[in-house]
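Count residues from 1 along the sequence. All values reported here derive from a predicted model rather than from experimental measurement.
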Amino acid sequence: MEEKIISNQNRPSIPIGGHPVETGDYIIDTIAINEILEPMRHWIQMRVPGGIIYGAPRLGKTRAIKYIQNIFDYKYPNQWLNLRIKTRKRKTPNEDAFFEFFLKDVGHDLYSQGKAVAKRNRLSNFLMDKGDQTIRKQIVLFIDDAQRLTDIEFEWLMDIYNELDSFGITLTTILVGQNELTHRRSTYLTTAKQIVGRFMVHEERFYGVREMDELSYMLSSYDEITEFPVGSNCSYTNFFFPNGFNKGFRLENEAEYIWSSLLELRAENGINKKVEVPMHYLISIVNHVLLEYGANNVDNIDWPTKTLWKEAIKVSGFIHAEVLQS
């Protein structure tokens, strides 16, 4: 069967399924991301040993860190090395597994060879070599799902920090995780101050979307900031709704109705707590409209209606999740 190609005067030619919205491989700029970006940059510039970024599940913390890492790589090339690892949940901490996954996440080819001591030495040598190649002699380590880290794993990380420090390499560790992180910081202030001093000097909360203006900012990225393919000058909104886009319609201008619909549906379901919409659900809402009614679908339309936005909110699962948590 011949692969279907989409193409017209206003849009680039991309195989069906190949757009980032279809693959799910894209990150949208938000006010919440920018609110944590500057403090993190300051931590790095001041060589703070560590800090925490915390927030509720599904707010988009992992994607936010990827976005910030890309920004740092672009704005500060070779000033410091950005690395990102993720924790694994284990019943019992295991030194061999800890350093193996660490090596694997930072891209070392020999991550599985040898015993724990060999892996640990291999990691230290790798970090020293990479850190020494940067201008600032500094490594920034992002640890995702950091609330899973145990006390002994913090001790292993502290050994790595001390070894790098003895060779003149600064390790700034940024722990990213759920609200439990800030509670543990409070506990460690009395039980393990050395952990706070190495990894939790500062803290910043990561938020979901709390106001209509924040939603508008996020949607504007689909209209103007996004582009695919690179150099095409075709935003995501333009690609999926070319006719509406050419007529001057923008997703940013849909924010007021989407936000009021979110509040209305929450009220109808008896949800009274302060509104904070995780990025997971907002991306799902937009994706539903783009994919189900955009130009790549046989049922495509010029521009989404209010009915379709409300439909997207309902199928996103946001209201159901709010009901379960209320």
Rounded to the nearest 0.5 Å, the CD atom of E163 sits from the CG atom of N125 at a distance of 7.5 Å
Among V176, L37, N34, which one satisfies side-chain contact (heavy atoms from CB on, under 4.5 Å) with I68? L37
By side-chain contact (heavy atoms from CB on, under 4.5 Å), V201 pairs with (sequence neighbours left out) V48, P49
Taking ILVMFWY side chains as joined if any heavy atoms are under 4.5 angstrom apart, and letting links pass through other members, which residues group with Y217? I31
Give a yes/no verdict on a cation-pi contact between R210 and Y207, requiring under 6.0 Å between NZ or CZ and the six-membered ring centre and an angle within 45° of the axis. yes
Ignoring hydrogens and angles, tell me if any N or O in the side chain of N300 forms a donor-acceptor pair with the backbone of N297 under 3.5 Å. yes
Value rounded to 0.5 Å, distance of OG in S261 from CD in E256: 10.5 Å
Partner of E100 by side chain to side chain donor-acceptor pair (under 3.5 Å), out of K119, H108, R122: K119
Side chain to side chain donor-acceptor pair (under 3.5 Å) involving D73 - partner list, sequence neighbours excluded: N82
Roughly how far, to the nearest 0.5 Å, is the CZ atom of R148 from the CZ atom of R90? 12.0 Å
N272 atom CG, over 12 foreign heavy atoms within 6.0 Å: no
What distance do T170 atom OG1 and I44 atom CD1 have between them, rounded to the nearest 0.5 Å? 11.5 Å
Aromatic ring pairing F98/W156, orientation class (parallel under 30°, perpendicular over 60°, tilted between): tilted
Quick one: does T226's side chain have a donor or acceptor within less than 3.5 Å of a partner on S221's backbone? yes
Quick check: closest heavy atoms across L219 and L251, and the distance to 0.1 Å? CD1-O, 3.3 Å
Whether K115 and D96 form a salt bridge (side-chain N of Lys/Arg under 4.0 Å from carboxylate O of Asp/Glu) is what I want to check. no
Should R84 and Q69 be marked as a side chain to side chain donor-acceptor pair (under 3.5 Å) after you check the CA-CA gap, both sets of side-chain angles, and the distance that decides it? CA-CA 9 Å; R84 177 165 42 88; Q69 184 176 344; 3.1 Å; yes
May I ask you to decide if the ring planes of F72 and F142 are parallel, tilted or perpendicular, using 30° and 60° as cut-offs? parallel
Does atom OH of Y293 have more than 12 heavy-atom neighbours, drawn from other residues, nucleotides or ligands, at distances under 6.0 Å? yes
Looking only at non-hydrogen atoms, find the nearest pair between I285 and A312 and report the distance. O-CB, 3.5 Å
Establish, yes or no, whether the cationic atom of R198 lies under 6.0 Å from the six-membered ring centre of F154 and within 45° of the ring axis. no
Tell me, with the steps shown, if S235 and E224 meet side chain to side chain donor-acceptor pair (under 3.5 Å). CA-CA 6 Å; S235 70; E224 305 296 340; over 6 Å; no
So, do Y26 and Y236 have ring centers that fall under 6.0 Å from each other? yes
Quick one: does any side-chain atom of R47 pair with a main-chain N or O of Q45 as donor and acceptor, under 3.5 Å? no
Group every Ile, Leu, Val, Met, Phe, Trp and Tyr by side-chain heavy-atom contacts under 4.5 Å, then state whether I71 and I225 land in the same group. no
For R63 versus G24, what's the shortest heavy-atom pair and its separation? NH2-O, 2.9 Å
Kindly determine whether K137 and F167 satisfy side chain to side chain contact (heavy atoms under 4.5 Å, CB included), including the steps that lead there. CA-CA 10 Å; K137 311 297 182 188; F167 282 90; over 6 Å; no
Are any side-chain N or O atoms of T187 and backbone N or O atoms of H183, one a donor and one an acceptor, separated by less than 3.5 Å? yes
